[in-house]
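By convention in this document, chain letters (A, B, ...) are assigned in the order of the sequence lines, proteins followed by strands, and residues within each chain are numbered from 1.
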There are 2 protein chains.
Amino acid sequence: MSDKRQRLLDAALRLAHESGLSRTTLARIAEESKVPLGNIYYYFRTKEALWRAVIEVRRGQVEQVLARAATAPDPKAQLLALTEYFLEAGDEISRFGCPFGGLCHDLSQEEGVDPELRAAPLATLLDWADERFQTLGQPKKEARRLAGHLVAGIQGGALLAHAMADPKLLRREIRFLQRWIETV
Amino acid sequence: MSDKRQRLLDAALRLAHESGLSRTTLARIAEESKVPLGNIYYYFRTKEALWRAVIEVRRGQVEQVLARAATAPDPKAQLLALTEYFLEAGDEISRFGCPFGGLCHDLSQEEGVDPELRAAPLATLLDWADERFQTLGQPKKEARRLAGHLVAGIQGGALLAHAMADPKLLRREIRFLQRWIETV
DNA sequence: GTCTATAAGATGATAGAC
DNA sequence: GTCTATCATCTTATAGAC
């Protein structure tokens, strides 16, 4: 039972996040995972297949974050718990960008990846927040708007913090969103 | 008096926006601008020098957008006028991403470009919004927060619309921000 | 299943004729 | 200033031995 596939995935996850999709070559993944270059193709038929697997992992990680947030007692506390994650991961996000939004952005510049799949991490976030706002009594259309505002704020804060290399920009925006959630 | 340099810049601007920085090769720029590949190096010593020029142009475009918004009668109307730009450019942003934020994101994944310069378009936006909120009577620290929230919302909305290929996501967020500006 | 060698093509950059 | 030819390197992918 070999763990090579897992090591390849881990390396691809890490490098794609830290260096961006386009700068992550199979050679670097091979080196990082200690799997010989040619052997990669036994586990992933093409580089694109590897990216598809990476997206699935990120989607799963989003679901984990959401599952943890969902343990909070009420919808408002759950939304706050979600924002808390981006506060905890603030330094990493500031250095490398959001592992979810950044990936979705990079993927929309590649061709050949199914548009539905490549946006899955963000779509999962949006749908989850949408449900919470509905449970809070918001009408369907308004809940969609509020969910969009929350995720846009998070992703925009992550983009600013990353581009300007300043974690404060993300922290301030998250705190701003937290106060906003309290008032909804 | 040759216009080759300008043609090269135009092509680089367009391709970097539509395909992303990493997929924009000198060969494509040469083809698009009808300048022979080898001749590019007479106008730009390296590919990176070309990107530096591209950033400067984008920074100038941001300044133009801000100058237009600054013709509105008061600070609040000026901030609203800024958001209006992202409504007008909504379809293009949804297809290719924000020409300012997307570039800054792509650049932070390249190495060798001065971090100060590469974030210039976003920094210009932030500073301008900051000034307006201060003129509206907000204390320095709060104005910084509000400016961050505005730009984060815009950029996050652009990211969502681009990643999910749905211009509605940006439009909804801009309208949300516009109503928010009215209440500040 | 694993690994080396290498094909095939793309890419940034340069040399040198005009 | 302009352009062709080309180098050196990188990158995805495959062939084929073990």
Would you tell me if any nitrogen or oxygen in the side chain of B:Lys4 comes within less than 4.0 Å of OP1 or OP2 on D:dT2?
->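 Indeed, a polar side-chain atom of B:Lys4 lies that close.
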
Has A:Tyr42 got a side-chain N or O lying under 4.0 Å from the OP1 or OP2 atom of C:dT2?
->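 So the side chain of A:Tyr42 is outside the cut-off, no N or O lying under 4.0 Å from OP1 or OP2 of C:dT2.
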
Salt-bridged, A:Arg14 to A:Glu18, with N to O below 4.0 Å?
->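 Yes, A:Arg14 and A:Glu18 are salt-bridged.
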
Would you call A:Glu56 and A:Arg52 a salt bridge, using N to O less than 4.0 angstrom?
->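 Salt bridge absent between A:Glu56 and A:Arg52.
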
What pairs with A:Glu116 under side chain to side chain donor-acceptor pair (under 3.5 Å), at least two apart in sequence or on another chain?
->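 Expected list: none.
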
List, one per line, each side-chain donor-acceptor pair under 3.5 Å for residues 126-138 of chain A, sequence neighbours excluded.
unit_1, atom_1, unit_2, atom_2, d
A:Asp127, OD1, A:Arg144, NH1, 3.4
A:Asp130, OD1, A:Gln134, NE2, 3.3
A:Asp130, OD2, A:Arg144, NH1, 2.7
A:Arg132, NE, A:Gln78, OE1, 2.8
A:Thr135, OG1, A:Glu131, O, 2.8

Out of C:dA13, D:dT12, C:dT11, which has the shortest distance to the side chain of A:Leu37?
->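 Closest nucleotide to the A:Leu37 side chain: D:dT12.
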
Between B:Tyr43 (OH) and D:dT2 (C1'), how many Å, whole number?
->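 In whole Å, D:dT2 C1' and B:Tyr43 OH are 8 Å from each other.
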
Rounded distance (Å) that lies between atom P of C:dT11 and atom CG of B:Leu50 =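 Checked: the CG to P distance equals 15 Å.
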
5′-ward residue of the pair B:Asn39/A:Glu48 relative to DNA chain D |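 Result: B:Asn39.
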
Look at all strands and tell whether A:Ile40 reaches a base, only sugar-phosphate, or nothing, counting heavy atoms closer than 4.0 Å.
->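 It contacts nothing in the nucleic acid.
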
Hydrophobic cluster membership, A:Leu160 vs A:Ile174, 4.5 Å side-chain cutoff |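 No, separate clusters.
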
Note every stem involving DNA chain D: at least three consecutive Watson-Crick or G-U wobble pairs, i with j then i+1 with j-1, with both distances under 3.5 Å.
->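 Consecutive-pair runs (3 or more) involving DNA chain D: C:1-18 with D:1-18.
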
Ignoring hydrogens and angles, state whether a donor on the side chain of A:Gln178 or A:Arg175 is under 3.5 Å from an acceptor on the partner side chain.
->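 Distance-only check fails for A:Gln178 and A:Arg175.
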
